[in-house]
Trainee: 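Below is a structure I'd like to ask you about.
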Amino acid sequence: MRARTKRLYAVSVAAVLVISAVAIASIALRRHADLFYTPQLLVERGLPELGTRIRLGGFVEIGSRRNGKGAATLFRIEDGSGETVEVSFTGLLPDLFREGEGVVATGRFVESHDLFIAEDVLAKHDENYQPRE
C-alpha cells in the first residue's frame with residue numbers, strides 16, 4: 001500500500017468515528033434534554049397531554065403559598081406575563097424556596113387541567129446568593 005492510500009483509510013476511519021460520536025451524543029441529548037415550560041408557554045401552546053411529565057418554571061407568586069392537608073403545600077407559579085399555574089407539592093420544600101424567587105417543578109397536570117401536581121421542586125437563585133450566617 002502506498003502512503004497516500006494509508007492516509008485516506010485513516011482519515012475515513014476517523015471521519016466515521018467522529019460522525020458516530022456526534023450521532024450518539026445527539027440521540028442521548030434529545031432523549032434526556034428536559035426543558036421547562038412557563039405559564040405563558042402553556043397558554044400559547046396549550047396544555048400537554050394528561051400524564052405527560054413536564055417541568056414548569058417561573059417565580060413563586062407573592063402571597064400565594066399556603067399549606068394543604070398533611071405535608072402538602074400549594075402555591076402559584078407566574079412568569080411576569082400575568083399567567084399563573086396552581087401547583088401542589090407534597091414533601092419538604094428546598095431551603096431556598098421563597099415567594100418571589102425562581103422555581104422549577106417537575107410533575108404532571110391532573111384531569112381538571114387547573115392543578116399541577118409536582119413530584120420534585122427545585123429552587124433557583126441568582127448569582128448574588130449569600131448563605132445564611
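Basis for what follows: all heavy atoms, side chains included, without hydrogens, waters or symmetry-related copies.
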Trainee: If you measure from CZ on Arg2 to CG on Leu8, what distance do you get to the nearest 0.5 Å?
Mentor: 10.5 Å
Trainee: What about Phe59 and Phe36, same hydrophobic cluster or not, with Ile/Leu/Val/Met/Phe/Trp/Tyr joined at side-chain heavy-atom distances under 4.5 Å?
Mentor: no
Trainee: Using distance only, find each side-chain donor-acceptor pair of residues 72-79 under 3.5 Å and give its atom names and separation, not counting sequence neighbours.
Mentor:
from	atom 1	to	atom 2	distance (Å)
Arg76	NE	Glu61	OE1	2.4
Arg76	NH2	Glu61	OE1	2.8
Asp79	OD1	Ser81	N	3.1
Asp79	OD1	Ser81	OG	2.6
Asp79	OD2	Thr38	OG1	3.4
Asp79	OD2	Gln40	N	3.0

Trainee: Kindly check if the number of other-residue, nucleotide or ligand heavy atoms within 6.0 Å of CZ (Arg66) is above 12?
Mentor: yes
Trainee: If you count the non-hydrogen atoms of other residues, nucleotides and ligands that lie under 6.0 Å from CZ in Phe97, is the total more than 12?
Mentor: yes
Trainee: Ignoring hydrogens and geometry, is there a side-chain-to-backbone donor-acceptor pair from Arg45 to Val43 under 3.5 Å?
Mentor: no
Trainee: Give every residue pair that meets the side-chain hydrogen bond (donor to acceptor under 3.5 Å, both in side chains) criterion with at least one member in residues 6-18, sequence neighbours excluded.
Mentor: none
Trainee: Does atom CG of Leu92 have more than 12 heavy-atom neighbours, drawn from other residues, nucleotides or ligands, at distances under 6.0 Å?
Mentor: no
Trainee: Among the clusters formed by ILVMFWY side chains lying less than 4.5 Å apart, do Val121 and Leu56 turn up in the same one?
Mentor: yes
Trainee: Taking ILVMFWY side chains as joined if any heavy atoms are under 4.5 angstrom apart, and letting links pass through other members, which residues group with Val11?
Mentor: none
Trainee: How close do Ile54 and Phe109 get, heavy atom to heavy atom, and via which atoms?
Mentor: CD1-CE1, 3.8 Å
Trainee: Show the nearest heavy-atom pair for residues Glu83 and Pro39, with the distance to one decimal.
Mentor: O-CB, 3.6 Å
Trainee: Between Ser26 and Ala23, what is the shortest heavy-atom contact and its length?
Mentor: OG-O, 2.9 Å
Trainee: Using modelled atom types and a 3.5 Å cut-off, is there a donor and acceptor pairing between side-chain atoms of Glu101 and backbone atoms of Leu96?
Mentor: no
Trainee: Is any side-chain heavy atom of Val103 less than 4.5 Å from a side-chain heavy atom of Val87?
Mentor: no
Trainee: Can you tell me how far apart CD1 (Ile117) and CD (Glu86) are? Round to the nearest 0.5 Å.
Mentor: 9.5 Å
Trainee: Compare every heavy atom of Glu119 with every heavy atom of Phe89, then report the nearest pair and how far apart it is.
Mentor: CE1-O, 3.6 Å
